[in-house]
Participant: 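Sharing a structure below in structure tokens format, with a few things to ask.
Given the structure is predicted, the values throughout are model-derived calculations rather than measurements.
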Amino acid sequence: MKTGPVIAVAAVAVAVIAIGSYMIDFDVTDEGALPDVDVSVESGELPEVDAEVGSIETGTTTETVEVPDVAVDVDTEEAQIELPTVEVNPPSDDS
């Protein structure tokens, strides 16, 4: 997987989240309260466990494989294109 598209998608996601949080204005109109709760519990005990586990060994080895020799020549030129624009209007502050 190429890292360029992944970074671009991550940047777009961060921008969408930032714009989304900028577009919301919450006003608390009534304070909430948690209920009164009385809880009593007895202490527990974990079971005894005997476990035998295998082992994993890691390392490297050198092998010879055939890979393609790729040469890419790309010609570029400048062009004018229309890009989308975004206008952001956050909610007005009523305080």
Participant: List the residues meeting side-chain contact (heavy atoms from CB on, under 4.5 Å) with Val74, not counting sequence neighbours, and say none if there are none.
Facilitator: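 Val74 satisfies side-chain contact (heavy atoms from CB on, under 4.5 Å) with Val72, Thr76 once adjacent residues are dropped.
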Participant: I'd like to check the side-chain contact (heavy atoms from CB on, under 4.5 Å) partners of Val86; sequence neighbours left out, ordered by chain and number.
Facilitator: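 side-chain contact (heavy atoms from CB on, under 4.5 Å) list for Val86, sorted by chain: Val88.
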Participant: About how many Å separate OG1 of Thr85 and CG of Leu83, when rounded to the nearest 0.5 Å?
Facilitator: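 It is 9.5 Å, given to the nearest 0.5 Å.
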Participant: If you link ILVMFWY side chains whenever their heavy atoms are less than 4.5 Å apart, which other residues fall into the same cluster as Val16? By chain and number, please.
Facilitator: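 The other cluster members (ILVMFWY side chains, heavy atoms under 4.5 Å, direct or chained) are Val12.
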Participant: Are the side chains of Val41 and Val39 in touch, meaning some heavy atoms are under 4.5 Å apart?
Facilitator: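 SC-SC contact between Val41 and Val39 confirmed.
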